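Below is one structure, written out as structure tokens; the observations come after it.
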2 protein chains.
Amino acid sequence: MLNKQRLLTPGPTELAPQVKAALGRDMIHHRKQPFQEIMHRVQQELGLLFCTEQPVMPLACSGTGAMQAAVSNLFRHGDKVLVAKAGKFGQRWEDIARTQGLEVETLAYPWGEAIPPEDIGDRLREKPDIAGVLIQASETSTGVLHPVEEISRITRESHALLVVDGISAVGISPCPMDRWGLDCLITGSQKGLMLPPGLALISLSERAWDRAEGVDTDCFYFDLTKERDKVREGQTRFTTPVNLIYGLEAALELFKEAGLERIHRKQWALTQMTRSGVRAMGLKPFVPEHYTWGLTSLLLPDGVDGKALLDRIATEYGVYMAGGQEHLKGHLVRIGHMGYVDWSDLLAGLFALREVLSREVGLSAEPDFLEQAMEAYNRAWHAPLPHL
Amino acid sequence: MLNKQRLLTPGPTELAPQVKAALGRDMIHHRKQPFQEIMHRVQQELGLLFCTEQPVMPLACSGTGAMQAAVSNLFRHGDKVLVAKAGKFGQRWEDIARTQGLEVETLAYPWGEAIPPEDIGDRLREKPDIAGVLIQASETSTGVLHPVEEISRITRESHALLVVDGISAVGISPCPMDRWGLDCLITGSQKGLMLPPGLALISLSERAWDRAEGVDTDCFYFDLTKERDKVREGQTRFTTPVNLIYGLEAALELFKEAGLERIHRKQWALTQMTRSGVRAMGLKPFVPEHYTWGLTSLLLPDGVDGKALLDRIATEYGVYMAGGQEHLKGHLVRIGHMGYVDWSDLLAGLFALREVLSREVGLSAEPDFLEQAMEAYNRAWHAPLPHL
């Protein structure tokens, strides 16, 4: 109790009190009327969150499970897909697709870069038999925001479906499924939705449904066509994580109260705050532009042991941040600022990071670095949001 | 508040207060030390629950997801498996296996019957290339307990793996994985473990691990060999439903306090109580012998609309029971008595059932039917448990 815990990880995030209260509610049966009523309400709000007229299906799995479901339902063994990757989760698309027996074309970029949309256009013209393009909206391993809308403009001219992992984008930065013409949009519960992990959400465009209806998936557990039929009845095909659906209802109520546009604005302001604070500390954000709105990654000075640093921040200040992944392990700090988090959490986080870094490597931050961070936050609240 | 809700469904079950409190705890990050400590403790207790030396892997999915994982990891496309089925969940094994491209042999029995072990022996001798036998320990759609130990004695003489869906058996009636020689045992969170749905547990025998290591699953999300490596580090491969793991820890603490043997005894006593009460009401348990210990199914008198009956019991008395499935829809009542449930819940449930039935169809129960039920309960607590 001397330090409050602060989860500044890019998922799971802290839980709102309303969500916590919902999680511990009495169990009800998932095939009875009271549950169906909740599902119908949740379905309406999910449509607003995904900005789609299509059903948004809850699946009992992690976000990776929903990625699996997308690949299993939209493509046949042997189909050719294009994976554009610039991080760990781009790699995951490739792994899922290869494991599923698809022929995988790749466009690989250094971690930290955004996908150039024109490369996708070139590859689609070169190989017109590509049946789908698999990308992240936000690459959580680096903190990059890919240009989804522009990519979609290109894929819509081909017959390739655009499948978007929006796990750290939905509810964080704009990703309007129907307006942008995305064919599949996925998210997980433990990011923008500020729920515990264990639930994924997925929605398909009309074009994607047409495709799915012609694919016989060999994974019985993930059959989206059958799932859609159940969702229309206010149910799920298999037993659903009832208490996460309670939590989802509570979280969507918070979204409704705040308004999606203002949540995006908060996310943008927190991003500016973090970037400004990090710079005023004398550190460099890892992603110069095209950065995501739910986490800020920064490169540690040479010689700093990232893992030890994060352990110390957690032990001494109660603040949990994430490190780098794969080849960036130990070199990167990823400060999560998505879900149930506000400026006061980041003030504490930035302070703890500076304290430990100045002690460990003599980092000398500008004395008003927190003030600078707050100024950036306030400015961002009142400036127009950038066009994505 | 005029009627307390009582969930007498065969999963999800009511939640213990300790579990509810755990579910609403602050989120922690699944890759950090505090989570790993919980996972190591949970792993130890799961070994006692499954009665195995092997790791017990938590998967973010429903019980069906774990069935999918078993089929995906133990068999190759084209492998021949034997499904012995006598209900909806037996059928599910067949559906998963066929969808996965396996060659499926079946032994089909009427709903309500138990699998005769000798039939499995005969089929294995006839078709020695059968690579696995897929069964339920307890068939939740009918309330039958299959003779798993005897079947295992037979499969162990062949090279076929015995894969057991223990979803409504583990934590309810004895199903000791290592002693009985089961090759794969599965359960779900929302049955004997009295948790919300959303988590499945699966464990493999050494023989099954040898097989799994030679199988390249094409379902990236369910890769048990990789999952095992992570479980040894106190983690899971993908983001795990952290708050269900909290709940699992709390539930396993309750198991430890009561002792597994006494929980089995309670389940046996509740089963005797329900059967006796149902008989004294003038109704017939659907399964004459070989009945499971976590639910009691009964045939409704001709002409009774099962759905309307269950709706009335729910609306008027707050008691939720389940109906029949597939061709038994409308004809069967399934009274769940697993997980966080005791004699007092069943007293209420039996009373509510009798009230509505006597009003609707003039059913005349013996006036002391509740007394008879309680006598059966008390007798069963003190008699030796039947050999399974």
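Fair warning: this is a prediction, and the values are worked out from it, not measured in the lab. Numbered from 1 within each chain, the chains take letters A, B, ... in sequence-line order.
Judged by distance alone, the side chain of A/T99 and the main-chain N or O of B/F220 form no donor-acceptor pair under 3.5 Å. Panel note: side chain A/T240, backbone A/T236; no donor-acceptor pair is recorded below 3.5 Å. A donor-acceptor contact shorter than 3.5 Å is absent between the side chain of A/S297 and the backbone of A/R334. Between the B/Q235 side chain and the B/Q36 main chain, no donor and acceptor come within less than 3.5 Å of each other. Distance alone, capped at 3.5 Å, is enough to place a donor-acceptor pair between the A/N3 side chain and the A/E316 backbone. Using modelled atom types, no side-chain atom of B/Q91 and backbone atom of B/K85 make a donor-acceptor pair closer than 3.5 Å. Checking side-chain atoms of A/Y221 against main-chain N and O of B/S62 turns up a donor-acceptor pair under 3.5 Å. A/E139 contributes a side-chain N or O that, together with a main-chain N or O of A/G90, makes up a donor-acceptor pair within less than 3.5 Å.
Heavy-atom distances place both the backbone and the side chain of A/I96 under 4.5 Å from chain B. In this structure, no portion of A/M194 lies under 4.5 Å from any heavy atom of chain B. Only the side chain of B/P34 comes within contact range of chain A, with at least one heavy atom under 4.5 Å from a heavy atom of that chain. Proximity to chain B is absent for every atom of A/P58, based on heavy atoms less than 4.5 angstrom apart. In this structure, the portion of B/A322 lying under 4.5 Å from any heavy atom of chain A is its backbone and not its side chain. Contact annotation for A/A21: neither backbone nor side-chain heavy atoms come within less than 4.5 Å of a heavy atom of chain B. If you measure heavy-atom distances from A/S189 to chain B, you find no contacts under 4.5 Å at all. Both the backbone and the side chain of B/Q100 come within contact range of chain A, judged by heavy atoms closer than 4.5 Å.
Residues of residues 67-78 of chain A that come within less than 4.5 angstrom of chain B, heavy atom to heavy atom, are A/Q68, A/H77 in numerical order. When the heavy atoms of residues 22-31 of chain B are compared with those of chain A, the residues falling under 4.5 Å are B/L23, B/G24, B/R25, B/D26, B/M27, B/I28, B/H29, B/H30, listed by number.
Within the 4.5 Å cutoff, side-chain heavy atoms of A/L254 are placed close to those of A/Q18. Proximity of A/Q190 to B/T239: side-chain heavy atoms (C-beta onward) are separated by under 4.5 Å at one or more points. Residues B/E94 and B/T106 have side chains in contact (heavy-atom distance under 4.5 Å, counting atoms from C-beta outward). The shortest distance between side-chain heavy atoms of B/L310 and B/Y320 does not fall below 4.5 Å.
Annotation: maximal heavy-atom pairing with chain A below 4.5 Å, among B/R92, B/Q33, B/R237, occurs at B/R92. Counting heavy-atom pairs closer than 4.5 Å to chain A, the top residue among B/L244, B/D223, B/V242, B/L195 is B/V242. Listed options A/L15, A/L199, A/T64 were ranked by heavy-atom pairs under 4.5 angstrom with chain B; first place goes to A/T64. Taking chain B as the reference chain and counting heavy-atom pairs below 4.5 Å, the highest number among A/P17, A/G65, A/G247, A/G198 is found for A/G65. Chain B forms more heavy-atom pairs under 4.5 Å with one residue of A/A314, A/C61, A/G63 than with any other, namely A/C61. For the set B/G188, B/G11, B/A60, the count of heavy-atom pairs under 4.5 angstrom toward chain A peaks at B/A60.
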**OP:** Step by step, work out the side chain to side chain donor-acceptor pair (under 3.5 Å) result for A/Q136 and A/D165.
**Re:** CA-CA 5 Å; A/Q136 272 58 44; A/D165 156 8; 2.8 Å; yes
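When each of A/V19, A/V170, A/T187 is checked for a side-chain contact (heavy atoms from CB on, under 4.5 Å) with A/L193, only A/T187 meets the rule.
In this structure, A/F238 has its ring center no closer than 6.0 Å to that of A/F222.
Checked for salt-bridge contact, A/E233 and A/K230 meet the test: a charged N lies under 4.0 Å from a carboxylate O.
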